[in-house]
Amino acid sequence: MLETTKNIGKDFVLSVEGLTVSFDGFKAVNDLSFYVEENEIRVIIGPNGAGKTTVLDLICGRTAATEGSIKFKGKELTKMKEHQIVHTGVGRKFQNPSIYEDLTVFENLELSFPRGHSVFGALFFKRDKEVIEKISEIAAMIFLGDKLGMSADLLSHGQKQWLEIGMLLIQDPELLMLDEPVAGMSVSERKQTADLLHRITKDRSVLVIEHDMQFVAEIADRVTVLHQGKVLSEGSMERVQSDPKVIEVYLGH
Ligand code: ADP
Ligand code: MG
């Protein structure tokens with residue numbers, strides 16, 4: 001009774017089909033299929049060890065699939081290297097913020113600006129109007145508009161998480177993947193993060209792993225429940241929450 005629909009006339013930005021990864025015979029992800037639409041916020045939930053982080057590792061090319069297909073905007077990702085996947089427009093945030101603590105908020109965002117990457121880009125990088133405007137725009141979006149000159153190590157844990165989201169947004173990904181983005185955040189920071197995700201999906205899709213069910217209810221268009229590397233249930237938050245299979249797995253833990 002999965003609500004997953006096959007691609008008939010709909011715009012799926014991401015199609016995962018029959019995805020499997022085997023670690024020494026153990027299938028952490030096992031014949032998994034799911035589809036994410038444009039502008040959708042999809043949340044993946046599931047007990048510890050369900051394979052959630054491994055799914056993101058597979059999509060961003062950090063882990064190679066044993067079988068199956070991952071199509072992003074029609075392009076097969078399973079054959080690509082990590083940096084090529086980034087270039088097709090997939091951005092991924094890891095559980096712990098990986099920002100440059102000794103640089104300012106501005107400098108962190110500047111370093112992530114696409115032109116800053118290549119050797120020549122870095123050498124001849126000018127803080128021209130376009131770059132400064134983009135950095136200001138992103139900083140305002142991530143609630144750090146008045147903190148551009150602040151050293152990143154002085155930010156709260158939540159603000160560091162936002163900065164890392166900003167460092168991804170500045171590259172304009174069409175799919176943004178976040179692993180437990182509100183872990184360690186205060187209630188008000190969680191609310192702001194929910195607002196932020198709703199705003200950024202005007203231009204992109206977001207795939208989030210999250211445990212905080214109140215936050216999931218606030219952001220999810222659809223929820224995919226993962227269990228033992230497979231889809232256990234999928235649909236609206238109300239639907240998966242009342243699914244006896246989901247209740248059993250969660251109460252069983
Ligand atoms: P989740 O994020 O849902 O908690 P993970 O995707 O991190 O789960 O892990 C799923 C399962 O796969 C776990 O049993 C974990 O130990 C195993 N696993 C993940 N990565 C590896 C790896 N590189 N080698 C071996 N086992 C792994
Ligand atoms: Mg995980």
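Both ligands and their constituent atoms are indexed starting at 1 by order of listing. Positions are given from 1 along the sequence. Being a predicted model, the structure only gives us computed values, none of them experimental.
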**Message:** Between E234 and T224, is there a side-chain donor-acceptor contact under 3.5 Å, judged purely by atom types and distance?
**Reply:** yes
Throw together a table of side-chain donor-acceptor distances under 3.5 angstrom for residues 24-31, partners on residues two or more places apart or in other chains.
none

**Fill in**
residues 78-91 vs salt bridge (Lys or Arg N to Asp or Glu O under 4.0 Å), sequence neighbours excluded, gives R62-E82
**Prompt:** Does a side chain donor of either S112 or Q171 reach within less than 3.5 Å of an acceptor in the other side chain?
**Reply:** no
Could you list each nitrogen or oxygen of ligand 1 that sits under 3.5 Å from a protein nitrogen or oxygen, with the atom names and the distance?
unit_1	atom_1	unit_2	atom_2	d
ligand 1	2 (O)	T53	N	3.0
ligand 1	2 (O)	T53	OG1	2.9
ligand 1	3 (O)	A50	N	3.1
ligand 1	3 (O)	G51	N	3.0
ligand 1	3 (O)	K52	N	2.8
ligand 1	3 (O)	K52	NZ	2.8
ligand 1	4 (O)	G49	N	2.8
ligand 1	6 (O)	T53	N	3.4
ligand 1	6 (O)	T54	N	2.9
ligand 1	6 (O)	T54	OG1	2.5
ligand 1	8 (O)	G51	N	3.3

**Prompt:** What distance separates S136 OG from L144 CG, expressed to the nearest 0.5 Å?
**Reply:** 12.0 Å
**M177 vs L168 side-chain heavy atoms within contact, under 4.5 Å** = no
**Prompt:** Quick one: does D179's side chain get under 4.5 Å of R92's, heavy atoms only?
**Reply:** yes
**Message:** Using modelled atom types and a 3.5 Å cut-off, is there a donor and acceptor pairing between side-chain atoms of Y100 and backbone atoms of V105?
**Reply:** no
**Message:** Does any part of the side chain of K191, heavy atoms only, come nearer than 4.5 Å to the side chain of E218, both counted from C-beta?
**Reply:** yes
**Prompt:** At distances under 2.8 Å, what protein N, O or S atoms surround the Mg ion (ligand 2)?
**Reply:** T53 OG1
